[in-house]
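Working notes for the structure below.
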Amino acid sequence: MEPLINYFIVSAALLCVGIYGLIAKRNAIRLLFAVEIIINAAIINFVAFARYHDTPLITGQTFSLFAIALAATEAAVGLAIIVQAFRLNNDIDVLELKKLRG
Amino acid sequence: MPAKLATENQLAKSLKDQFKNKIKEEYVESNRIKISTSPENLKNLAIAVKELGFEQVMSQGGTDYPENNVYRIEYHIICVSKKKLRSIIFSIMTEIPKDKPEIETLIDVFPSAEFHEQETFENFGITFIGHPRLEKLLLPEDWDDIPPLRKDYILPGRG
Amino acid sequence: MVNDPTLNLLVGKVSDILDTTIEKNVREPVRFLVNWGRLYSLWPVHLETACCSIEFGAASGPRHDVERFGMLEAFGSLRQCDVLVVQGTVTRKMAPRMKWVYEQMPEPKWVIAMGACAISGGLYMDSYNVLQGVDKIVPVDVYIPGCPPRPETLIQGIIELQNKIRKSKV
Amino acid sequence: MNYKLISGILGAFAVGFRNIFKRRMTLRYPEERLDIESGYTFDAKSNTGSAGFKGRHILYTDKCTGCSLCAIACENIADCIDMVQVEGNWPINPKNIMPQIDYGRCVFCGFCVDACPFDCLFMTPEYELSATDKRKLVHTPFQLAVFPEKKGNVKLISDDGVAYHD
Amino acid sequence: MKNAGMNIEDKGGDQLVLHVGPQHPGSGHFRIIVTVDGDYIVGAKPDPGYVHRGAEKMAEYRDYIQNIPHLERPVIIDATGVTLPYVLTAEKIIDVEAPERAQYIRMIMAELNRIISHLYWLGIYGIFLGHSTMFMWPMGDRELFIDLAESIGGTRVTFSYVVPGGVRNDMPTNFKERALKTFDYFERRIEEYKKIFFNNPIMTARTESVGILSPADAIKLGITGSNLRAVGIDSDTRKDEPYCLYDRVDFEIPTRKEGDSYARCIVRLEELQQSMNIMKQVLDLIEPGPIKQVIGGVMRGEPGEAFVRTEAARGTMFYHIVSDGEKNPYRVKISVPSFRNLIGMTHLLVGSKLADMPAIYWSLDYWPVEADR
Amino acid sequence: MTDVVFLVVSLLTVFFAILALESRELVYGAVALSLSFLGAAALFILLDSIFIAIFQVLVYVGSIAILIVFVIMLVRRDKWANVTGGNERILGIIAAVLLFSTITYFSLSSSLTSQYPNPTAISNFYEIGSQLINDYWLILQLTGLALAVSIIGALTMAKFENR
Amino acid sequence: METFEEFVKRILIILFWFILISPLIIFPILFLVVGFLGIDVTIVNEILTATIDPIKAYKLAERYGLGFNSTFFKIAAFPGFTFAALVATLTILYERKLMAKAQLRVGPLYAGRFEGILQPIADLFKLLGKELVVPEKADKMFFWAAPILSIGLAASLLAVIPLSPTIYIARSEFSLLIPFAIIGFSPLVVLIAAWASSNKFAFIGGLRALHQLAAYEIPMLLSILGIVILTGSFDLMKIVEAQKDMWFIFPQFLAAIIFYITILSELERIPFDLPEAETEIVSGWLTEYTGMHFGLLQLGVYMKFYALALLFTLLFLGGWNGPAFLPPIVWLLGKLFFVITIIIFPRAVLPRLRMDQLIRIGWAWLIALSFINLFIAVIESSLGVI
């Protein structure tokens, strides 16, 4: 088995990729990708830290369940917003989204 | 059978009363009435026929008469809802000169004439003024010969 | 390049011997199998050009049932089809579309001209809008006379086509 | 609530299932052929035809006078009959011409049979005319003179709610 | 993207232009250009003419007999339905009348053809709704009637059987018993059809209140045939203006009030039964006698004109023949029911769902070959 | 020692995550994203939490990725297929690298390096269930509420411009 | 006389065949020669004898981990890929024959001596010999990926589904959930195929497939939850064990109906075959696929068919449980045959639904019914029915 640090670093790498995406991308769908990647990174940490506890905990798994469910929610809402924005603006460049309120 | 022709005669008579000598009664037979008129009066005649209870154009066609230099245009109008008039086919006919093949459309009186008039347009080159869609219907899009149902169009291989 | 006649002769002989061996042992069984598959799996394109389509429908009906020969009755996409059955008259308006359909079909493909109109124009020999025989625009493999042909005649034509495929080279 | 829906679907299933066990109506064509009694003939004297199948023509070469009436009748229909010179000595056919039929054009209407005043052109129950070559569709007078052998052996029978070939 | 005649243009926004046909399994030899907004059709423009063969022009080059095989090609499903009015018109022009037995045989052939045509329609409607068994069964049972028609007419579909002055040949002797046996068989089958298709909840869900035609619209647009009867108007030329000897038989005109696709289906199904009913009566009424009035020489019409309408399988078939005394007619105008129902199709498609297009399109029994002539 | 499987899986996960953001076509990006999720699921299996792995596959790949692909196809227009930033890109790279190096630097000096797991793993989904019901029932309810609200919100949002 | 280039080409072709055939003939000869020279020949001997003695060949294979009990054999042959593909091909044939029978016709008859038994093989050979057309505008990578993904998914579905207590590829505690996780991928494959074709009809078909698969996956999962409640396990083995006395189709009849309907939808079969409705959108997402691409996609669909029918058998019909006079696998296959029949049969008797009706059935009816079913399951488990 690997030490915990390996999982931690993978998770950190995913987080950084996500942050890069949030900063660099203007396409709303790519932003959504970035957010999903960050959530994934968090979930990996949840599970890994719970597993590496002295007496392995199940709580990490339970919480990652919640996290996954909420990620699904977030994706649904985000995509609905994107579709809506596209209908209004014919564009999904976030910098151009001025009139989301119709 | 004079009794049997009663309805037909009555219909023809009512039209004659209305239009006097503007129309000509071609013939009144059992179940068939045919009335001819000048192109200008065709629309009024059609409205009058519609008021008599005839509802839809069953057929609309043209005939080319090269020797008289006219196209004859004929509408066959029927009624489907009234039992008494159902057996009758009412024809109204007009002749338009070949050098100016134009006539007012009847589709605002009889919407059912739309495709018939379009077909007559492409087959004879007769323009129906006011028709919304005078374009090729059955003929190929690239048809550039004279309209095929004119008598001066000779079929290929029939020189 | 090298054009020495004796060398070429030798090369030819050697390659002939190799060729016949391979022909007999490898290519022939493969050809047999592929041909066998083809002749029992002719999927027709659903292109109705005119009234013969009703007899094609009757042939796929339960009485004549062309599916016995592996033909599916109604098939959606022409991308998966093998045989174009020209069901009757091809008009000037339809001809370019039919050619287009033929070109879109993947190889190998065959064409059946069904009915007198598809073979030669039939009744419409003097019509202003009818193509006088489809073999002017696509190569035809089997001709099925009749106006419209009986389903049996169509099936006989399909058997003729199967015989033709059986003899053909891959 | 949805009695109609469930009973409808179950009824459809039941009918479909029952039909699995019915006798099939398929005519297995190359092995079985439909029994067609006779071809279409025409009696010139009474000017009426007799009911029969309109298939390939049969030409009685000994009765043909070469009058071309069949070709004239066909002229504007399908234009498939050509009068061609034939070999041999035909006493009642002074010009030695007989009809040759192009089945690539023929529409099997039978008006040529109606037109023949000498009862020498009839139709037969033969319909297997497909060919891989267009030229094979043209039948010469001597090909037309051959009477087809009778191949039919089954008929479509319907009784008791089942239709089958036997 | 380009797949043989089917392509979609993007108009921007939610509007798409779909070209359905002519190589499209759901169109036949016909193209319709529909504009779609989301799921709804906002515009429909028919593009017929893929089978236009110039029948009217070519009829001017053929004499009255030679025209018969020629003019029956547009509607080979309903060959007698399309040649009978022509022959009746020609008889008016040539001034002959068919003997009684011939009239009866004509009626039998016309009704047989109506059944054959309706069964073909039913089969294709089945495949349009994705019900392949409903394609196979009518196609198979149609063969029984084709066999009956073939025993009289000599070919499976294109009989060229009715000629001016009568019919070409007599019925075979055992026709009556064969016909009655077939009717008996088919009446049982209709019950099975009802169970598997007409009472099938999924089929009714697809067709009920789909493509509703109001009576006023139907009259205004000139809809004809079973489609007209499905809106509640019992107009049938066989009753309105009886030709042949239809006034001697007793039959009903099936009608429905709803005017939707399902009503059109049911009306056609009931017409099948009525056709068999008519044929049964005719087979009882028919008596031996001559079948043809012999016309010597070439048929020549009197100068003048005549027009006749009959009830073909799809509706009123109308012929208008002008003669100038020559052996060929001067002008033949054919008004076919499919051509008149075309306008109804555009009317019905606009405003309905795209997914309902097959259900509406074929419920009108539009036969492109007939419409194009 | 680092396990080979772990190495490959984690590298692939990160690689596909980068690909998801940097691919030329948006659809490729979505597919790469789902592959990245799959990689994460594989990591969960390595962490002995199979249930979470299955759940991850079911929800992320089965729903979210497909939803994303669906939306991409719905709104796909060539003109913005390549909306990318200019300066922000360099900024993003700098920020990401800085953050990553900081985290790595500090974590490498922490006790995480010497943390090894207990060989007796828990992969009992009964435990998850009982925890959900007994301990975190409120969160469960709230999550359900959030899901319901989001679905209703998404539906209304998709509806309101429809007519 | 041929030119030099032609000669080179010909030689290359011959070389290709030579390389193909040489392992069969030339290497044995080489081994023989080596053996005469006195080098250790046991392995050579074994290989040589194995070529004529099947039992020895099997033993040799077993030694290298290729025997009947090896993982490789399980995955590749039985109960894995080959077996599933065989069942899938037989299903295609059986479907065509059954449909034909219900439609009063014969169906495939001449391919193969007996009742067209080789028809799928003929279709296979034809598809193999068919030209592969990749549309110009298509996305080449995805266009090729979709058929392979489709068949890969179908094959991976089989990994955890056991055929009997002893015949299985892999055992997992979650063997009920894993297939559904994999099925969750299938919309992705359909979307990829539809998108790659860049044909609008394919695209509409893909979108329809997505709507449909998404709408019916939820009731599918919910319907099996009842069984999970009753058995308290996600393990298919345990679920089948629990059906020793009573098949779950009796206590969970509603679930069986829902699962059956969702199977029809998942496999895009009539009345839910809208993604391939040929009278509406040509062939849907399969429109642009030719030759073996099409064959692989179809095979994938039919392998999925097999897997889902197998799941239905295991979940509701007691799997391999049955009187002991027949081995369990026979019971399973018999039940499987029945399930395949009932999945095929709607195609003969039902027409196609419309999209909005389909969505309504999925989202409104089936989900509501599956919740009712959950309540039924809870009540039954508290009453101790199982």
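Below, read A as the first sequence line, B as the second, and so on, with proteins coming before strands; counting in each chain starts at 1. The figures here come from the full heavy-atom set of this structure, side chains too, leaving out hydrogens, waters and symmetry mates.
Heavy-atom pairs under 4.5 Å with chain D peak, among P148(C), G133(C), S120(C), at S120(C). Here D141(C) is the residue among I112(C), V140(C), D141(C), D126(C) with the most heavy-atom pairs under 4.5 Å with chain D.
Nearest heavy atoms, C106(D) versus C147(C): O-CB, 4.4 Å.
In this structure, chain D has heavy atoms under 4.5 Å from both the backbone and the side chain of R63(C). Residue contact with chain D, scored on non-hydrogen atoms closer than 4.5 Å, is absent for N163(C).
Enclosure of atom CD in E103(C) by more than 12 non-hydrogen atoms of other residues, nucleotides or ligands within 6.0 angstrom is indicated. For CZ of F142(D), the number of neighbouring non-hydrogen atoms (other residues, nucleotides, ligands) closer than 6.0 Å is greater than 12.
Against chain C, the residues from residues 19-32 of chain D that qualify, each with a non-hydrogen atom under 4.5 angstrom away, are M25(D), T26(D), L27(D), R28(D), Y29(D), P30(D) in number order. Within residues 151-161 of chain C, the residues approaching chain D closer than 4.5 Å by heavy atoms are, in numerical order, E152(C), T153(C), I155(C), Q156(C), G157(C), I159(C), E160(C). The contact list for residues 119-140 of chain D toward chain C, using heavy atoms and a distance under 4.5 Å, reads Y127(D), E128(D), L129(D), S130(D), A131(D), T132(D), D133(D), K134(D), L137(D) by residue number.
Listed by first then second residue, pairs satisfying salt bridge (Lys or Arg N to Asp or Glu O under 4.0 Å) with a partner in residues 62-72 of chain D number zero, not counting sequence neighbours.
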